[in-house]
K.L.:
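Got a structure for you, written out below as structure tokens; questions coming shortly.
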There are 2 protein chains.
Amino acid sequence: MTSSLHHRAIENLGTRIISGDLPAGHIMLAEKLEDELKVSRSVIREAVRVLQSLGLVETTKRVGIRVLPPNRWNPFDPQVIRWRLASKARGAQLRSLAELRSAVEPAAAELAAQNAPAPLRLELVDVAHAMRDAGHRGEVPRFLELDIQFHSLLLSGSGNEMFANLSGQVAETLTGRTVHGLMPDHPHEAALQWHVDVAEAIARGDASAAREASDKIMRRTMSQMSDTWTEQPRVFIPVHR
Amino acid sequence: MTSSLHHRAIENLGTRIISGDLPAGHIMLAEKLEDELKVSRSVIREAVRVLQSLGLVETTKRVGIRVLPPNRWNPFDPQVIRWRLASKARGAQLRSLAELRSAVEPAAAELAAQNAPAPLRLELVDVAHAMRDAGHRGEVPRFLELDIQFHSLLLSGSGNEMFANLSGQVAETLTGRTVHGLMPDHPHEAALQWHVDVAEAIARGDASAAREASDKIMRRTMSQMSDTWTEQPRVFIPVHR
DNA sequence: TGACACCGATGTGTGCAGACATCAAAACTC
DNA sequence: GAGTTTTGATGTCTGCACACATCGGTGTCA
């Protein structure tokens with residue numbers, strides 16, 4: 001059902017709004033959209049309703065469908081994130097995700113050490129060791145796969161559904177980093193060991209050691225990436241009062 | 001337009017799904033819903049489409065509208081959070097938010113010290129001082145208001161739109177804590193000073209001091225609240241593979 | 001004469017009703 | 001049991017009535 005007319009309409013409009021092709025304040029008329037996308041009113045109306053719930057547009061009688069500015073968009077919605085990653089703001093989005101990740105993962109490691117179910121702890125250790133092996137062998141695709149699995153397990157093991165939900169976004173940042181050639185063929189030796197340290201600390205329930213090791217990974221990751229996106233402009237959203 | 005039929009239908013169904021009144025796997029028929037809510041098909045369809053984008057339901061031809069399990073819900077959607085806060089899972093939701101906040105705020109403080117615009121830094125210092133005064137005077141409502149403003153400014157000052165977007169949720173946790181009588185009339189003296197420390201560190205651009213002081217606030221907050229929700233069951237979401 | 005309040009015309013989203021298309025589950029046939 | 005048909009739900013389209021924010025014209029008062 002991913003290519004229903006409804007879905008395609010959402011995709012079309014969402015992409016164009018977030019790319020800036022349809023700028024904030026731009027007003028669309030439902031009738032024009034029907035005409036432009038060659039679909040019926042019901043399809044347009046359902047699509048607009050979804051975009052409205054994402055904060056991308058608002059509707060006003062006698063005016064039309066108004067495109068909202070970026071600070072009204074829901075920055076945590078997976079679709080919005082995906083659209084931003086496909087836009088010129090890709091760099092800024094990746095930075096935001098990396099910052100979020102580096103804040104969350106150490107906390108997740110701490111929680112996982114306290115709460116994760118036993119099987120998950122064991123799997124985490126296995127994956128960490130497999131990562132180290134793959135890293136030594138320079139198996140880049142295999143390493144990426146394990147890396148994603150490791151961090152997904154970690155987030156899931158926290159027992160916080162919000163943390164767990166970030167695994168998809170983390171996978172995106174890891175993949176993006178690899179695809180863009182920011183990863184060396186042989187990952188940093190210390191970083192490999194830190195992953196093992198995180199897993200083993202969680203396995204033995206040592207919360208502060210888990211956080212500490214995770215924090216080291218995150219600080220290294222951030223310092224590695226920071227120079228690539230220093231040119232990305234930051235946006236300061238005024239406090240709602 | 002918050003009381004449109006469309007909006008009311010979303011509210012009705014969203015509330016019932018998240019409360020567990022409509023359990024995962026439960027199947028609804030559009031026709032039945034029209035009848036039950038006394039609205040037309042278009043209203044139901046638009047509402048279902050929005051719920052679908054939130055991960056609350058999925059539609060299948062020849063079957064109907066199926067309610068999805070909690071691990072499919074988008075845990076970052078403001079509506080979902082609001083509905084969970086109004087449900088029996090309120091405690092678990094507050095804990096999740098508190099954990100997220102305690103992970104994010106120190107990171108936000110660090111970023112704010114590096115990036116926040118000058119006027120925001122000044123305002124942050126003012127608010128921190130006002131907080132200390134209100135705390136000393138035992139002005140609880142005023143203190144809550146300033147507390148919310150302080151943390152909103154902090155998150156906004158990070159220049160990370162995802163962090164900034166959490167201010168609403170943070171306000172919710174702070175308000176919830178006060179309403180439920182978990183706040184003493186006179187806040188802990190050290191905590192008041194830590195707020196001032198955060199603000200002043202940000203004002204002078206001292207990132208690590210800002211993080212450190214913010215981390216102290218978060219650790220104290222978490223340890224204060226931890227005993228109130230130890231009975232909340234944790235949910236471990238299996239890793240998607 | 002000019003400023004201002006009122007009020008109706010207009011245009012657009014909102015809601016309704018009914019039709020047909022589509023497609024996958026379920027029943028049926030061989 | 002494999003292939004085919006039937007069936008029943010969502011998907012899509014269309015015409016209509018209504019609500020209501022905006023705009024512009026009209027009348028009143030200073």
Side-chain angles (χ1 to χ4, degrees), chain A residues 1-17 21-69 72-74 79, chain B residues 1-17 21-69 72-74 79:
Chain A
M1 212 64 62
T2 55
S3 69
S4 63
L5 294 181
H6 162 72
H7 189 271
R8 272 191 285 165
I10 291 180
E11 205 64 25
N12 181 312
L13 294 174
T15 305
R16 286 201 286 162
I17 290 171
D21 188 10
L22 298 172
H26 179 80
I27 287 178
M28 303 174 292
L29 272 45
E31 198 182 350
K32 298 282 182 189
L33 291 177
E34 296 174 36
D35 202 44
E36 185 185 326
L37 304 184
K38 308 291 188 205
V39 294
S40 69
R41 241 176 317 156
S42 53
V43 172
I44 292 296
R45 285 172 52 166
E46 289 163 24
V48 167
R49 279 281 146 83
V50 171
L51 296 175
Q52 193 177 28
S53 85
L54 302 182
L56 265 58
V57 303
E58 71 181 357
T59 60
T60 314
K61 278 180 178 168
R62 168 75 197 194
V63 174
I65 301 154
R66 197 196 327 267
V67 176
L68 293 175
R72 299 285 298 276
W73 304 345
N74 179 354
Q79 291 194 104
Chain B
M1 213 61 60
T2 54
S3 69
S4 63
L5 292 182
H6 162 71
H7 188 271
R8 272 191 283 167
I10 291 179
E11 205 64 26
N12 182 313
L13 293 174
T15 306
R16 285 201 285 162
I17 290 171
D21 188 9
L22 298 172
H26 179 81
I27 287 179
M28 305 175 290
L29 271 46
E31 199 183 352
K32 298 282 181 189
L33 290 177
E34 295 176 39
D35 201 44
E36 185 185 327
L37 303 185
K38 309 289 187 208
V39 294
S40 70
R41 184 133 178 250
S42 54
V43 172
I44 292 294
R45 290 185 52 77
E46 288 163 25
V48 167
R49 279 278 145 84
V50 171
L51 297 175
Q52 193 177 30
S53 86
L54 302 182
L56 266 57
V57 302
E58 71 181 357
T59 61
T60 315
K61 276 183 174 166
R62 169 82 195 192
V63 174
I65 302 154
R66 182 184 292 113
V67 176
L68 293 174
R72 299 284 298 276
W73 304 344
N74 179 355
Q79 291 193 103

K.L.:
Within the 4.0 Å heavy-atom criterion, would you say B:Val39 contacts the bases, only the backbone, or no part of the nucleic acid?
P.N.:
sugar-phosphate
K.L.:
Look up atom CG in A:Leu29 and atom CD1 in A:Ile44, then write down how far apart they are to the nearest 0.5 Å.
P.N.:
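Here the rounded value is 11.5 Å.
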K.L.:
For B:Leu68 versus B:Trp73, what's the shortest heavy-atom pair and its separation?
P.N.:
O-NE1, 3.1 Å
K.L.:
Output the rounded distance in Å from CD1 (A:Ile44) to C1' (C:dG13).
P.N.:
14 Å
K.L.:
Is the phosphate of D:dC13 approached by A:Ser40 (side-chain N or O, under 4.0 Å from OP1 or OP2)?
P.N.:
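For A:Ser40, the contact criterion (side-chain N or O under 4.0 Å from OP1 or OP2 of D:dC13) is met.
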K.L.:
Please check the phosphate of C:dT14 (OP1 and OP2 only) for any side-chain N or O of A:Thr59 closer than 4.0 Å.
P.N.:
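For A:Thr59, the contact criterion (side-chain N or O under 4.0 Å from OP1 or OP2 of C:dT14) is met.
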K.L.:
Heavy atoms from C-beta onward define the side chain here; which of C:dA25, D:dT12, D:dA9 lies closest to that of A:Ser4?
P.N.:
D:dT12
K.L.:
Take the protein atom CZ of B:Arg66 and the nucleotide atom C1' of C:dA24, then report the distance between them rounded to whole Å.
P.N.:
12 Å
K.L.:
Can you tell me the distance, in whole Å, between the CD1 atom of B:Ile27 and the C1' atom of D:dA9?
P.N.:
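One finds 11 Å between C1' of D:dA9 and CD1 of B:Ile27, rounded.
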K.L.:
A:Leu5 CG to D:dC13 C1': how many Å, rounded?
P.N.:
10 Å
K.L.:
Are A:Arg16 and A:Asn12 linked by a side-chain donor-acceptor pair shorter than 3.5 Å?
P.N.:
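Yes, side-chain donor-acceptor contact under 3.5 Å.
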K.L.:
Respond yes when some side-chain nitrogen or oxygen of B:Arg49 is under 4.0 Å from OP1 or OP2 of D:dG11, and no when none is.
P.N.:
yes
K.L.:
Measure from CD on B:Glu46 to P on C:dG15 and round the result to the nearest Å.
P.N.:
7 Å
K.L.:
When the distance from CD of A:Glu31 to C1' of C:dG11 is rounded to whole Å, what number comes out?
P.N.:
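One finds 10 Å between C1' of C:dG11 and CD of A:Glu31, rounded.
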K.L.:
Quick one: B:Gln52 CD to D:dA9 P, roughly how many Å, whole number?
P.N.:
18 Å
K.L.:
Does A:Arg41 contact D:dG15 through a side-chain donor or acceptor facing the base, at a distance under 3.5 Å?
P.N.:
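Such a pair exists between side chain and base.
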K.L.:
Return the nearest nucleotide to the side chain of A:Ser42; candidates are D:dT10, C:dT12, D:dT12.
P.N.:
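When the side chain of A:Ser42 is considered, D:dT12 is the closest of D:dT10, C:dT12, D:dT12.
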K.L.:
Start at the 5' end of DNA chain D and walk down; is the nucleotide closest to B:Arg62 or to A:His6 reached first?
P.N.:
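Closer to the 5' end of DNA chain D: B:Arg62.
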K.L.:
Of the nucleotides C:dG15, D:dT12, D:dT10, which has the atom closest to the A:Val43 side chain?
P.N.:
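For the A:Val43 side chain, the nearest candidate turns out to be D:dT12.
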K.L.:
From the set C:dC23, C:dG13, C:dT14, return the single nucleotide nearest to any side-chain atom of A:Arg45.
P.N.:
C:dT14
K.L.:
Would you give the length of the straight line joining atom CD1 of A:Ile17 to atom CG of A:Leu54, rounded to the nearest 0.5 angstrom?
P.N.:
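It is 9.5 Å, given to the nearest 0.5 Å.
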K.L.:
Find the distance B:Glu58:CD to D:dT10:P and express it as a whole number of Å.
P.N.:
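Atom CD in B:Glu58 sits about 13 Å away from atom P in D:dT10.
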K.L.:
Quick check: closest heavy atoms across A:Met28 and A:Val67, and the distance to 0.1 Å?
P.N.:
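A:Met28 and A:Val67 have their closest heavy atoms at CE-CG2, 4.1 Å.
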